[in-house]
Structure formats: structure tokens, C-alpha cells
Amino acid sequence: GKLDNAGNIIWYKVIGGDQDEYFNHVYVTHENGNEYYIFSGQTLSFDNPPPMPGTLGTLKGYILKVNVSGDTLWTKAMQQSGFVGLFNLQNGTYLMPSDGQNTVLMKLNALTGDTISSIPFFYWYSNAFVFNTSPHKVNNAFYIGGNVVSNATQNTDFMLIKTDTLYNTIWAKGYGN
């Protein structure tokens, strides 16, 4: 929903399917002079095939884009369990890092929400990489921060990754034990 400065409701929408949806992030983007809101979270509603009766199904990432009036422009249910950030590349695409196991950096078409590419972030010494930040662009590189869990020690450390503009890893450095 959207509130004015006094807390009065301007609009609200009920969005989702026949199961539970959880939105835990909202991002404001500006494109071609217009303001949009991107909501990201999780859904249990869009399993294909549907879950067996009496079961919850599979938790998937859920992304929704609306305009300033709250009109839905697109929704997407993704295989990832959720997303932790959004970076508007200002060229008609977004980058969205996923969270949990099988972490990827999704590149999405801003107009349709369709996946352009999906770049996995796996490292030989870790069974999981969890993004803590959206990618930050500096010159011709992206810097991405997150946590890794060591296969050997099961300790969690911080990792900083530098990629080129095509999101190929230039280097990755762990900090901690």
C-alpha cells in the first residue's frame, strides 16, 4: 500500500495466489521520469505442478512491479527462495541477488520482469553464499558483499566479490576465520 505524509491510505492492494505470500523488501526506481515500486519476497502459491493436498508446496522468490497508482505491471515467481536487493542499471534492466542456497545474481528486463541471465555464485570452499548487499557499481566493476559458510569449519565469514560489467568474477576475498 501507499500512505501520505500523515499516514492516510492513498491505495492498497491484495496481491498473490491461493497460498501464502511474504514481501520483505520494497525498492523505489525511477525510469524515464516515472516512479515505480518493486516488491520482493516469497510465495507458496505458484508451484507447477501444484502441491499435493495437505502440503504447503515449495517456497519461491516472488517479485512484483507496480506504478505509483498501485497498478500491477508484472509479477514473477522464481526458483530462488527470495531476493535481498535490487540494482537499477538504468538501461532497462535490474540486477537482483537471491538469497539462500544456490545463490544467483539475476538480471531482469525492467519492462517485463523476464530473466535475461542468471549468474551463479558458488565457491569451492563454501556450500552457500548469501548476498548482504545489492551490487555497487564503481567505474567498470561491481562489488558485492555477502556471507559464506565454510565447508571445512561450518563457520560463517564475510566475502567481497568484484566482477566485471558482465558479472564475471575478477576476484573474491573472504574475511574472518
Side-chain angles (χ1 to χ4, degrees), residues 1-51 53 55-119 121 129-139 141-147 161 163 165 167:
K2 185 173 181 177
L3 306 175
D4 64 18
N5 290 339
N8 300 310
I9 296 173
I10 296 173
W11 56 259
Y12 72 93
K13 305 281 181 172
V14 177
I15 298 169
D18 58 355
Q19 298 289 325
D20 295 335
E21 277 72 45
Y22 309 93
F23 287 110
N24 42 16
H25 299 285
V26 62
Y27 309 97
V28 178
T29 69
H30 295 90
E31 302 161 30
N32 301 319
N34 297 308
E35 187 171 277
Y36 299 96
Y37 307 106
I38 309 289
F39 296 88
S40 72
Q42 299 170 316
T43 182
L44 288 168
S45 294
F46 300 102
D47 271 346
N48 189 14
T55 64
L56 287 178
T58 304
L59 195 64
K60 295 183 178 190
Y62 191 45
I63 307 167
L64 165 73
K65 182 176 182 178
V66 301
N67 63 19
V68 294
S69 299
D71 300 322
T72 300
L73 302 176
W74 51 258
T75 62
K76 298 291 176 178
M78 307 287 198
Q79 291 300 320
Q80 291 69 33
S81 62
F83 295 90
V84 296
L86 177 122
F87 187 80
N88 187 346
L89 296 177
Q90 300 299 326
N91 66 354
T93 60
Y94 304 134
L95 290 182
M96 294 192 76
S98 69
D99 62 0
Q101 297 274 344
N102 303 322
T103 305
V104 297
L105 184 61
M106 304 287 294
K107 187 174 184 181
L108 304 176
N109 179 306
L111 186 61
T112 64
D114 293 336
T115 301
I116 296 169
S117 62
S118 176
I119 299 98
F121 279 86
F129 177 82
V130 178
F131 288 97
N132 287 345
T133 65
S134 290
H136 294 279
K137 188 173 183 184
V138 178
N139 298 324
F142 285 98
Y143 294 86
I144 305 162
N147 292 340
I161 302 169
T163 72
T165 56
Y167 318 107

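Side-chain contact check for Y37 versus T29: every heavy-atom pair is 4.5 Å or farther apart. No side-chain heavy atom of I63 sits under 4.5 Å from any side-chain heavy atom of F39.
By the salt bridge (Lys or Arg N to Asp or Glu O under 4.0 Å) test, D114 pairs with K76, sequence neighbours left out. Residues satisfying the side chain to side chain donor-acceptor pair (under 3.5 Å) criterion with N34, sequence neighbours excluded, are absent altogether. Residues satisfying the side chain to side chain contact (heavy atoms under 4.5 Å, CB included) criterion with N5, sequence neighbours excluded, are absent altogether. Partners of T72 under the side chain to side chain donor-acceptor pair (under 3.5 Å) rule, at least two apart in sequence or in another chain, do not exist in this structure. Residues meeting the side chain to side chain contact (heavy atoms under 4.5 Å, CB included) test with L3, sequence neighbours left out: I9. Considering only residues two or more places apart in sequence or on other chains, Y36 meets the ring-ring contact (aromatic ring centres under 6.0 Å, His included) condition with none of them. Applying the side chain to side chain contact (heavy atoms under 4.5 Å, CB included) criterion to N139, with sequence neighbours excluded, gives no partner residue. In this structure, the side chain to side chain donor-acceptor pair (under 3.5 Å) partners of D71, at least two apart in sequence or on a different chain, are N67. In this structure, N32 has no side chain to side chain donor-acceptor pair (under 3.5 Å) partners at least two apart in sequence or on a different chain.
Annotation: salt bridge (charged side-chain N to carboxylate O under 4.0 Å, His left out) contacts involving residues 32-42, sequence neighbours excluded, are absent.
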Stepwise side chain to side chain contact (heavy atoms under 4.5 Å, CB included) check, V138 with Y143: CA-CA 8 Å; V138 178; Y143 294 86; 3.8 Å; yes

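Atoms CG and NZ, from L108 and K65 in turn, are 10.5 Å apart once rounded to the nearest 0.5 Å.
Closest heavy-atom contact between E31 and A110: OE1-CB, 4.1 Å.
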